[in-house]
S.K.: 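Structure incoming, see below.
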Amino acid sequence: MHILHCDLDAFFASVEQRDHPELKGKPVVIGAPPNSRGVVSTCSYEARQYGIRSAMPSSQAYRLCPQAVFLPPDMKRYQEESRKVFNILAEYTPVIEALSIDEAFLDLSGSHSIWGSSMAIGHHIRHRVKSELGLNISVGISTNKFLAKLATNLCKPDGIMEFTDQMVVDLLPTLSVDNLWGIGSVSAQRLNHSGIYTVQDLLDAPEQLITSLLGSNTGFILGLAKGIDNRPVTPYEETKSIGNEITFPKNVSDSLAIEQVLLRLSEKVAYRLRRAQLKSHTITVKLRTPDFHTLSRSKTCPTAVNDSRSIFDVARMLYQQSGQEGKPLRLVGLTAGRLQGSEYEQLSLFANSGPDISSVIDRLNQKYTSGTIIPASLLDNHERNQ
DNA sequence: TCTGGGGTCCTAGGACCC
DNA sequence: TCTGGGGTCCTAGGACCC
């Protein structure tokens with residue numbers, strides 16, 4: 001039992017309730033405002049009693065509980081609190097895999113001689129996060145990642161649980177299939193349609209049927225169903241893509257307005273690439289129509305780039321070739337993929353000379369609000385005249 | 001009821017190469 | 001005139017996770 005999973009309870013909402021005592025005991029919803037097109041990011045357990053859930057449209061959350069307090073997320077604060085939590089975790093093992101801002105796996109195989117059993121470490125962590133940061137963190141312990149996370153999900157909020165070998169035999173088979181990592185709503189529905197509802201149903205079904213429903217994931221999923229998961233705790237994963245997207249308050253048809261948005265997204269993505277010392281070979285533009293149909297168009301270039309001009313040029317071309325010019329859109333996104341370290345950059349035979357304007361912009365952006373400084377040379381005349 | 005934003009991974013067809 | 005087999009890369013779409 002050397003894998004520990006921990007998950008901060010209703011993290012964003014808990015930080016707000018801790019810092020604003022008048023919110024304690026009240027339904028608090030962190031996310032987009034109710035009159036917008038956004039969704040709920042997190043909500044307090046009081047709000048969950050009304051049926052409010054993460055990813056639910058804020059408008060629906062409002063209808064379920066009009067008296068709820070709706071707050072926009074303050075990601076800077078949450079990042080800071082998250083950092084403090086991870087600093088505590090790092091005292092118990094160097095092998096930590098962050099799953100998100102509020103969740104992590106710890107491999108404790110080297111920690112027992114100093115700190116005792118996994119259960120003892122779990123209690124330690126929970127006590128310290130509570131007393132030092134005023135936050136509840138739930139802890140699951142088991143022999144692998146899947147079972148540890150399952151334990152957390154079963155014991156939260158404010159709980160600790162060890163998922164034992166006996167529970168693999170007695171409890172796991174009784175759970176619904178969507179408890180398995182990788183079974184989302186589509187796969188769950190597919191399985192249900194074939195009469196498969198529980199993990200036991202899955203184990204009893206002919207493997208050929210499961211393969212026809214789940215494809216190449218079948219082996220991994222059937223392993224989980226038996227409590228087997230050989231994935232290691234991996235402290236560092238290389239970034240594969242960097243992207244930003246925006247959903248408009250109202251659909252936008254004007255192609256010049258869309259191009260301006262693409263320009264701002266290019267600047268944002270380029271800045272993030274440079275901060276990560278990365279360049280990208282593949283630019284992808286994502287467009288979503290009012291009927292929620294999503295298209296993507298991508299282009300791979302021989303030279304990797306991380307300046308907004310190059311990215312914007314590709315993005316604009318992809319938009320213009322998408323057949324969506326002048327048509328209403330509800331979302332526009334831009335992603336840079338096929339990344340490589342910019343320090344290994346090959347010198348182009350025809351490299352541009354001249355001052356590196358990007359680094360000047362980066363310094364200004366760091367000083368002021370990120371993404372606000374855009375060189376006028378990137379703007380077309382019609383934009384400058386507006 | 002009306003669906004965010006950040007990602008990862010997989011599939012499948014077509015181009016292209018040997 | 002009729003045409004393989006293996007491999008890689010690119011593109012588009014979609015499921016899934018937090």
Side-chain angles (χ1 to χ4, degrees), chain A residues 5-12 29-42 51-64 72-73 75 78-79 82 97-105 145-146 149 152-153 156 177-191 213-221 224 231 234 237-249 251 265 268-269 272 276 281-302 314 318 321-323 330-339:
Chain A
H5 174 260
C6 51
D7 191 340
L8 288 149
D9 298 329
F11 179 41
F12 301 171
V29 177
I30 312 297
N35 57 352
S36 76
R37 279 174 156 181
V39 300
V40 173
S41 181
T42 327
I52 299 175
R53 294 286 179 271
S54 293
M56 171 184 285
S58 294
S59 55
Q60 192 184 346
Y62 179 76
R63 278 192 301 276
L64 287 171
M75 292 312 294
Y78 310 150
Q79 286 287 359
S82 171
E97 177 179 344
L99 266 154
S100 68
I101 191 168
D102 62 355
E103 233 182 295
F105 285 113
K145 284 202 208 178
F146 166 60
K149 185 166 162 65
T152 309
N153 290 339
K156 73 191 328 193
V177 284
D178 58 357
N179 282 285
L180 300 173
W181 203 92
I183 301 289
S185 58
V186 174
S187 298
Q189 272 205 323
R190 244 178 243 165
L191 291 166
L213 297 170
L214 302 180
S216 70
N217 222 2
T218 303
F220 176 66
I221 300 282
L224 297 185
R231 293 171 301 168
T234 37
E237 288 284 352
E238 220 164 271
T239 304
K240 305 237 167 50
S241 67
I242 288 176
N244 287 96
E245 62 185 53
I246 180 165
T247 294
F248 307 125
N251 298 339
L265 291 173
K268 251 187 170 175
V269 169
R272 292 178 61 199
H281 277 285
T282 306
I283 302 300
T284 303
V285 168
K286 175 170 157 184
L287 307 171
R288 181 169 289 152
T289 57
D291 63 1
F292 221 70
H293 182 70
T294 307
L295 320 83
S296 70
R297 293 292 179 269
S298 64
K299 171 101 187 121
T300 297
C301 305
V314 176
L318 289 168
Q321 292 175 352
S322 71
R330 65 173 287 146
L331 171 148
V332 172
L334 175 61
T335 297
R338 262 202 63 189
L339 306 179

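Here the structure is a predicted model, which means the values were calculated and not measured.
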S.K.: Counting any heavy atom closer than 4.0 Å, what does A/Val39 reach on the DNA or RNA strands: base, sugar-phosphate only, or nothing?
M.R.: base

S.K.: How close or far is atom P of C/dC10 from atom CD1 of A/Ile283, stated in whole angstroms?
M.R.: 13 Å

S.K.: How about A/Arg37 and A/Asn251: do any of their side-chain heavy atoms sit closer than 4.5 Å?
M.R.: yes

S.K.: Pick the nucleotide of DNA chain B nearest each of A/Thr335 and A/Ser216; which residue has the one closer to the 5' end?
M.R.: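 The residue whose closest nucleotide sits nearer the 5' end is A/Thr335.
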
S.K.: In the strands shown, is B/dC17 matched to any nucleotide by a Watson-Crick or G-U wobble pair with both distances under 3.5 Å, and which?
M.R.: C/dG6

S.K.: To the nearest Å, give me how far apart CG (A/Leu265) and P (B/dG4) are.
M.R.: 16 Å

S.K.: B/dG6 phosphate, OP1 or OP2: any side-chain N/O from A/Asn244 under 4.0 angstrom?
M.R.: yes

S.K.: Taking atom P in both C/dA15 and B/dG4, what distance in whole Å separates the two?
M.R.: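 The answer is 16 Å between these two P atoms.
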
S.K.: Please determine whether a side-chain nitrogen or oxygen atom of A/Arg297 lies at a distance below 4.0 Å from atom OP1 or OP2 of C/dG13.
M.R.: yes

S.K.: In whole angstrom, give the distance that lies between atom CG of A/Leu339 and atom P of B/dG6.
M.R.: 15 Å

S.K.: Take the protein atom CZ of A/Arg338 and the nucleotide atom P of B/dC9, then report the distance between them rounded to whole Å.
M.R.: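 My rounded result for the distance is 16 Å.
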
S.K.: Looking at C/dT11, B/dG6, B/dG4, which one has an atom nearest to any side-chain atom of A/Ser298?
M.R.: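 That would be C/dT11.
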
S.K.: Within the 3.5 Å criterion, strictly below it, is a donor on A/Arg288 or A/Thr294 matched to an acceptor on the partner's side chain?
M.R.: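 Indeed, the side chains of A/Arg288 and A/Thr294 share at least one donor-acceptor pair under 3.5 Å.
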
S.K.: Compare the aromatic ring of A/Phe292 with the six-membered base ring of B/dT3 and state whether they stack according to the 5.5 Å and 30° rule.
M.R.: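 Yes; centroid distance and tilt both under limits.
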
S.K.: Of the candidate nucleotides C/dA15, C/dA12, B/dG4, which contains the atom at the shortest distance from the side chain of A/Val186?
M.R.: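 Of all the options, the side chain of A/Val186 is nearest to C/dA15.
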
S.K.: Would you say A/Leu334 and A/Thr284 make side-chain contact, with heavy atoms under 4.5 Å?
M.R.: no

S.K.: Would you say A/Ser187 reaches C/dC16's phosphate, i.e. side-chain N/O to OP1/OP2 under 4.0 Å?
M.R.: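 Yes, within the criterion.
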
S.K.: Please work out if A/Ile101 contacts a base, only the sugar-phosphate, or nothing of the nucleic acid, heavy-atom cut-off 4.0 Å.
M.R.: nothing

S.K.: Nearest whole angstrom, please: distance from the P of C/dC16 to the CD of A/Glu103.
M.R.: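 These atoms are roughly 18 Å apart.
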
S.K.: Using a 4.0 Å heavy-atom cut-off, does A/Gln60 contact any base of the nucleic acid, only the sugar-phosphate backbone, or nothing at all?
M.R.: nothing

S.K.: Choosing from B/dC2, C/dC18, C/dC16, which nucleotide comes nearest the side chain of A/Arg63?
M.R.: B/dC2

S.K.: Find the distance A/Arg190:CZ to C/dC16:C1' and express it as a whole number of Å.
M.R.: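 In whole Å, C/dC16 C1' and A/Arg190 CZ are 12 Å from each other.
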
S.K.: Within this structure, what is the CG-to-P distance between A/Leu287 and C/dA12, rounded to whole angstrom?
M.R.: 11 Å

S.K.: For A/Ser54 and A/Thr239, find the nucleotide of DNA chain B closest to each by heavy atoms; which residue's nucleotide sits nearer the 5' end?
M.R.: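 Comparing both residues, the 5'-ward one is A/Ser54.
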
S.K.: Below 4.0 angstrom from OP1 or OP2 of B/dG6, is there any side-chain N or O of A/Ser241?
M.R.: no

S.K.: Compare side-chain N and O positions of A/Arg330 against OP1 and OP2 of B/dG4 and report whether any pair is under 4.0 Å apart.
M.R.: yes

S.K.: Quick one: does A/Val285's side chain get under 4.5 Å of A/Leu265's, heavy atoms only?
M.R.: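 With C-beta onward as the side chain, the pair stays apart.
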
S.K.: Between A/Thr300 and C/dC9, is there a contact of a side-chain N or O with OP1 or OP2 at under 4.0 Å?
M.R.: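 For C/dC9, OP1/OP2 do not have a side-chain N/O of A/Thr300 under 4.0 Å.
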
S.K.: Counting the atoms with a prime plus P, OP1 and OP2 as sugar-phosphate, which does A/Gly31 contact under 4.0 Å by heavy atoms, base, sugar-phosphate, or nothing?
M.R.: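 Here A/Gly31 touches no strand at all.
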
S.K.: Students often mix this up, so state it plainly: with edges at 30° and 60°, are the rings of A/Tyr78 and A/Phe12 parallel, tilted or perpendicular?
M.R.: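 Parallel: the ring planes of A/Tyr78 and A/Phe12 meet at under 30°.
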
S.K.: B/dT3 C1' sits how many Å from A/Arg53 CZ, rounded?
M.R.: 17 Å

S.K.: Ignoring backbone atoms, test whether A/Lys299 places a side-chain nitrogen or oxygen under 4.0 Å from the OP1 or OP2 oxygen of C/dC10.
M.R.: no

S.K.: Can you tell me if OH on A/Tyr62 sees more than 12 non-hydrogen neighbours from other groups inside 6.0 Å?
M.R.: no

S.K.: Once you apply a heavy-atom cut-off of 4.0 Å, does A/Lys149 come out as touching a base, just sugar-phosphate, or nothing?
M.R.: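 Here A/Lys149 touches the backbone only, sparing every base.
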
S.K.: Which pair of heavy atoms, one from A/Cys301 and one from A/Val314, lies closest together, and at what distance?
M.R.: SG-CG2, 4.1 Å

S.K.: Measure from the side chain of A/Ser296, starting at C-beta and using heavy atoms only, and say which of B/dG5, B/dT3, C/dG13 lies closest.
M.R.: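 Among B/dG5, B/dT3, C/dG13, the one nearest the side chain of A/Ser296 is C/dG13.
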
S.K.: Need one value for A/Ser185: base, sugar-phosphate or nothing, where a base atom within 4.0 Å counts as base even if backbone is also close, heavy atoms only.
M.R.: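 Sugar-phosphate, backbone atoms only, no base.
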
